[in-house]
There are 2 protein chains.
Amino acid sequence: MPPMSASEESPRRRGRPPSGGREAILEAALTVLRDHGIAHLTSREVAARAGVSDASVYYHFRDRAGLLEAMFERGMKPLLFLQDAEDGDPRAVLRQAAASLEAFFDDVLPILHAAQSDAELRPIVAEYIERKDVGPHRGVENLAGYLRAQQQAGRVNRRANPDAVAMLLIDATFARCVRRHMLIRSEERLPSREALLDEIGRLLEPT
Amino acid sequence: MPPMSASEESPRRRGRPPSGGREAILEAALTVLRDHGIAHLTSREVAARAGVSDASVYYHFRDRAGLLEAMFERGMKPLLFLQDAEDGDPRAVLRQAAASLEAFFDDVLPILHAAQSDAELRPIVAEYIERKDVGPHRGVENLAGYLRAQQQAGRVNRRANPDAVAMLLIDATFARCVRRHMLIRSEERLPSREALLDEIGRLLEPT
DNA sequence: GTCTATAGGTTGATAGAC
DNA sequence: GTCTATCAACCTATAGAC
């Protein structure tokens with residue numbers, strides 16, 4: 001058999017980096033998780049999508065649990081939703097925070113839900129959230145800090161409880177994402193995002 | 001064989017109805033779902049817990065999907081949380097509604113989460129929620145109706161949006177239950193249930 | 001690091017006796 | 001309606017060649 005043409009860099013089908021097997025597997029696994037659920041997350045399915053053999057999965061990640069752990073670590077990206085908005089109009093900041101939160105939840109919800117399918121996975125994901133410090137208290141602290149500053153500046157009602165207001169916004173956004181994810185299409189019968197933001201905004205109005 | 005003593009109603013060990021195989025299987029299945037997750041919900045595991053053979057599972061419920069559907073139907077009990085509290089103090093009613101919602105979510109959350117872990121199950125549960133009309137808009141309508149009546153009576157601020165206030169309470173309670181269910185133990189760093197209820201209550205205060 | 005091949009176990013589902 | 005027995009399919013994980 002003649003040597004392969006040098007112009008053909010790799011025998012691989014889709015331009016994937018030469019030794020990026022591990023990355024390819026992780027990406028494929030997250031895709032399967034998001035599109036079909038953890039029940040379909042088998043070494044074969046993942047390997048086929050990554051374009052490798054299923055033995056490679058066990059080479060890179062000891063076992064199935066190892067793959068899941070790596071997926072959680074990769075998928076649980078931290079939320080940084082209030083970086084340079086420290087001095088905007090409170091209502092506008094609320095709006096912006098809600099948008100960031102929505103994007104964040106859409107990203108991590110598949111992982112969160114997958115962990116609920118197995119009682120043994122629950123504490124593992126909970127431990128990751130704890131260790132990487134990406135729990136909901138971070139979002140509360142972040143948003144509440146801004147609200148407190150605005151209270152000092154007299155732009156937000158002093159009677160408002162910043163932590164509670166922040167939590168209400170986060171929870172409302174979370175629930176909204178969950179409903180959409182669950183295909184509960186009763187959105188037209190529920191108050192709009194704007195109506196909720198307006199109502200939370202009322203809590204901030206100076207008396 | 002002599003007739004059985006009339007005083008002994010049933011020969012079964014634990015007060016189970018004489019031919020309640022179907023019921024026993026359903027109960028066992030729900031127990032497995034709650035305690036271990038849908039990943040461990042196999043015909044064998046369920047059958048063993050119900051004290052029947054696994055062939056019985058397929059006799060009563062065509063296949064695995066049939067069992068899951070029956071579980072959803074049985075587990076998605078409707079929420080009736082504001083029956084005879086039409087004339088209490090708004091804050092007390094909010095408190096009571098939150099308690100009822102918490103009990104409700106604790107009940108249905110395992111089923112909801114199970115459905116989210118598999119893309120094929122999602123539309124099935126969504127369809128049940130739609131058909132049995134147990135979606136979140138029911139809770140909103142219920143609570144908002146009460147708030148509207150209180151607005152008429154002048155006990156609740158007319159500027160308040162009843163639907164939005166109801167939704168905020170429901171979402172905050174939902175998120176709270178989800179966090180507990182997920183073992184996210186940051187509750188001590190988050191505002192208390194009372195703080196949230198107080199803040200929502202502020203939305204109702206007459207100006 | 002990646003492959004083929006395969007062992008060993010579990011699962012969904014059916015057949016047929018009682 | 002309930003059982004025992006069984007299958008085919010699928011899954012995790014390993015062994016060993018390249």
Side-chain angles (χ1 to χ4, degrees), chain A residues 1 3-4 8-29 31-33 36-72 114 117-121 124, chain B residues 1 4 10-14 16-29 31-33 36-72 114 117-121 124:
Chain A
M1 206 185 277
M4 231 183 270
E8 225 178 303
E9 284 201 344
S10 160
R12 229 167 256 284
R13 281 172 285 284
R14 303 209 186 180
R16 192 164 283 141
S19 276
R22 199 189 138 99
E23 276 304 299
I25 291 168
L26 265 181
E27 271 181 49
T31 300
V32 172
L33 189 71
H36 300 279
I38 196 172
H40 300 287
L41 188 83
T42 66
S43 55
R44 277 167 165 68
E45 179 67 28
V46 169
R49 280 180 191 255
V52 299
S53 79
D54 62 313
S56 278
V57 177
Y58 291 95
Y59 172 78
H60 288 292
F61 314 90
R62 225 180 79 86
D63 52 17
R64 194 182 126 102
L67 174 60
L68 289 174
E69 280 191 47
M71 289 171 64
F72 297 155
S117 70
D118 190 330
E120 296 164 22
L121 257 43
I124 295 176
Chain B
M1 204 186 276
M4 231 184 269
S10 161
R12 233 166 252 284
R13 280 175 285 283
R14 303 211 185 179
R16 193 168 284 143
S19 274
R22 199 190 137 97
E23 277 303 300
I25 291 168
L26 264 180
E27 272 181 47
T31 300
V32 172
L33 188 72
H36 301 278
I38 196 172
H40 298 293
L41 189 82
T42 66
S43 56
R44 280 170 165 71
E45 178 67 28
V46 168
R49 281 182 192 253
V52 299
S53 78
D54 63 313
S56 276
V57 176
Y58 292 95
Y59 172 79
H60 287 292
F61 313 91
R62 227 180 78 87
D63 52 17
R64 194 183 126 102
L67 173 61
L68 289 174
E69 279 192 48
M71 288 170 65
F72 297 156
S117 68
D118 190 329
E120 297 166 20
L121 259 42
I124 296 176

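Computed from heavy atoms alone, side chains included, the values below leave out hydrogens, waters and symmetry copies.
- When all heavy atoms are compared, the tightest approach of Phe61(A) to Ile25(A) is CE1-CG2, 3.6 Å.
- Comparing dT4(D), dT2(C), dT2(D) by their closest approach to the side chain of Ala55(B) singles out dT4(D).
- Among the heavy atoms of the strands lying under 4.0 Å from Thr42(B) are primed sugar atoms or P, OP1, OP2 only; no base atom is included.
- No side-chain heavy atom of Arg44(B) sits less than 4.5 Å from a side-chain heavy atom of Val57(B).
- Computed from coordinates, the Tyr58(A) OH to dA5(C) P distance equals 18 Å when rounded to whole Å.
- Contact check, Ser43(B) against dG12(C): a side-chain N or O comes under 4.0 Å of OP1 or OP2.
- Atom CG of Leu41(B) and atom P of dA13(C) are 12 Å apart (whole Å).
- Following rounding to the nearest Å, Leu26(B) (CG) and dG1(D) (P) show an atom-to-atom distance of 14 Å.
- Note: Asp118(B) CG to His36(A) NE2 = 10.0 Å, rounded to the nearest 0.5 Å.
- Arg64(B) has its CZ atom 13 Å from the C1' atom of dA13(C), to the nearest Å.
- With contacts defined as side-chain heavy-atom distances shorter than 4.5 Å, the pair Val46(B)/Arg49(B) does not qualify.
- Atoms CG (Asp54(B)) and C1' (dA15(C)) sit 13 Å apart, rounded to a whole Å.
- Taking 4.5 Å as the limit, some side-chain heavy atom of Leu121(A) sits within range of a side-chain heavy atom of Ile38(A).
- dG1(C) atom C1' lies 13 Å from atom CZ of Phe61(A), rounded to whole Å.
- For dG1(D), neither phosphate oxygen OP1 nor OP2 lies less than 4.0 angstrom from any side-chain nitrogen or oxygen of Ser56(B).
- Residues Leu68(B) and Leu41(B) meet the side-chain proximity criterion, which asks for heavy atoms closer than 4.5 Å.
- Atom-to-atom, CD1 of Ile38(B) to C1' of dT11(C) comes out at 14 Å; the value is rounded to the nearest Å.
- The two residues His60(B) and Gly21(B) have their closest heavy-atom pair at NE2-C, 4.2 Å.
- Mapping Glu45(A) and Arg62(A) onto DNA chain D by nearest heavy atom places Glu45(A) at the nucleotide closer to the 5' end.
- Residue-to-nucleotide contacts include a donor-acceptor pair under 3.5 Å from the side chain of Arg44(B) to the base of dG12(C).
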Given the rule that a pair is Watson-Crick or G-U wobble with both distances under 3.5 Å, how would you write DNA chain D in dot-bracket, using | for pairs to a different strand? ||||||||||||||||||
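- When the side-chain nitrogen and oxygen atoms of Tyr59(A) are compared with OP1 and OP2 of dG1(C), one or more of them lie within a distance under 4.0 Å.
- Between Arg22(A) atom CZ and dT2(C) atom C1' there is a gap of 16 Å when expressed in whole angstrom units.
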